[in-house]
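Notes follow once the structure below has been shown.
Convention: sequence-line order gives letters A, B, ...; per-chain numbering from 1. In what follows, every heavy atom counts, from backbone to side chain, and hydrogens, waters and symmetry copies are set aside.
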Amino acid sequence: MIEVKNVEKKYGRKRVLKGLSFTAEKGEITCLIGINGVGKTTIMKAIMALTPINSGEILIDGKKIRKESFEKVTFIPDTITMLPQMKICDAFSFMADFYKNWDPQRAEELLQFFKLDPTERIANLSKGNMAKVNMILGLALNVDYLLMDEPFSGIDIFSREQIAEVFTSHLIEDRGVIITTHEISDIEHLIDRAVLIDNGEVLKEFSVEEVREKEGKSVVDVMREVYRG
Amino acid sequence: MTVKFNNRDPVYVQVIRHFKEQIAKGYFEPGQEIPSRRELANQLKINPNTAQRAYKEMEEQGLIFTEGNMPSCITKDEAVLKSVREELIIEAVDLFLGSIKSIDVPLSEVLELVKKKHDAESGEAEESK
């Protein structure tokens with residue numbers, strides 16, 4: 001379980017996270033929803049200790065993040081972090097050098113699933129294919145938790161569908177996933193929990209099937225109530 | 001196997017309904033093996049947790065059964081299978097009656113229309129064969 005407890009984060013005088021709390025379970029897909037600029041990416045960076053927090057606490061399976069934690073949890077940012085002149089296969093060996101948990105077999109399987117050519121240079125890839133390579137770099141790590149920042153933004157519908165399909169497969173099963181999006185419709189059926197965020201605070205946290213069952217509401221219905229009600 | 005899901009009913013409930021429809025149509029035979037939870041999630045493009053939940057519920061309702069480590073199978077209980085078909089028919093009739101009620105037409109007129117339409121449609125289906 002990833003526990004984010006009362007986290008506060010300031011950029012200069014601006015409070016970006018105002019005592020934000022939520023939890024994400026292993027084996028579940030938790031979706032952080034909110035418009036641009038509400039602090040979604042900052043939360044992910046805070047979980048990965050890529051940015052210091054001013055107060056509060058973040059625990060992964062009950063422990064604070066340490067060097068060893070990076071074999072347990074990984075972050076897929078919204079842009080690829082590999083050098084553009086690298087070929088896809090170079091990026092893979094780069095990952096293999098850095099992470100004990102890199103699973104080359106799974107990377108190969110994902111390449112085939114996305115129909116990508118490993119000798120292609122990253123700089124020459126389309127935006128959709130770059131997003132797919134970026135996903136592979138995270139998914140091929142044998143980690144318990146995956147954080148994905150806007151994996152669907154700015155790419156075509158078929159690439160989005162292909163990426164969404166990953167969520168229905170054994171590649172995700174049993175892992176804990178935190179995903180951010182401002183475009184929920186791509187994955188409305190796929191997520192377990194939704195965390196609605198605005199202005200650095202959690203407005204509502206709920207199980208999507210439970211809300212459908214008890215209230216007959218879709219995720220978008222709840223969003224409309226919370227953000228516009 | 002594809003299913004169009006709506007956003008307001010629990011996905012697992014829609015999955016169960018899909019199975020019931022397949023049973024009623026005779027697509028699934030009594031005792032037939034069904035996909036594993038993982039396969040189902042992949043086929044229907046749903047969260048594996050949802051597939052798991054649907055199977056658990058269907059098991060409780062007696063629609064499917066699992067023996068030990070074997071794959072799950074459709075029940076062989078004729079009474080259950082028959083009731084699935086009846087349940088779906090009654091549901092459809094209720095829905096139909098509901099929408100008829102709101103336009104206030106006599107039943108005899110409606111029934112005649114239903115028959116006419118139905119015959120025309122099945123005639124078309126025959127021809128296209």
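- The number of heavy atoms from other shown groups lying within 6.0 Å of NZ (K45(A)) does not exceed 12.
- In this structure, the side chain of E213(A) does not engage the main chain of D9(B) through any donor-acceptor pair within 3.5 Å.
- More than 12 non-hydrogen atoms from other residues, nucleotides or ligands lie less than 6.0 angstrom from CZ of F5(B).
- Inspection of non-hydrogen atoms places E173(A), E188(A), H189(A), L190(A), I191(A), D192(A) of residues 173-194 of chain A under 4.5 Å from chain B.
- Within 6.0 Å of atom CD in E29(B), 12 or fewer heavy atoms from other residues, nucleotides or ligands are found, so the atom counts as exposed in its surroundings.
- Without hydrogens or angle criteria, R212(A) side chain to N7(B) main chain gives a donor-acceptor distance under 3.5 Å.
- Heavy-atom contacts from other residues, nucleotides or ligands closer than 6.0 Å to CD1 of I35(A) number 12 or fewer.
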Checking side chain to side chain contact (heavy atoms under 4.5 Å, CB included) for the pair H170(A)/R38(B): CA distance, chi angles, key distance, verdict? CA-CA 7 Å; H170(A) 63 284; R38(B) 187 186 269 185; 3.5 Å; yes
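- For a residue to count as touching a neighbouring chain, one of its non-hydrogen atoms must lie under 4.5 Å from one of that chain's; by this rule E210(A) does not touch chain B.
- Annotation: Y227(A), atom OH; neighbour count of heavy atoms from other residues, nucleotides and ligands within 6.0 Å is above 12.
- The stretch residues 45-69 of chain B places K45(B), I46(B), N47(B), P48(B), N49(B), T50(B), R53(B) near chain A, each with some heavy atom under 4.5 Å from a heavy atom of that chain.
- At most 12 non-hydrogen atoms from other residues, nucleotides or ligands lie less than 6.0 angstrom from CD of E112(B).
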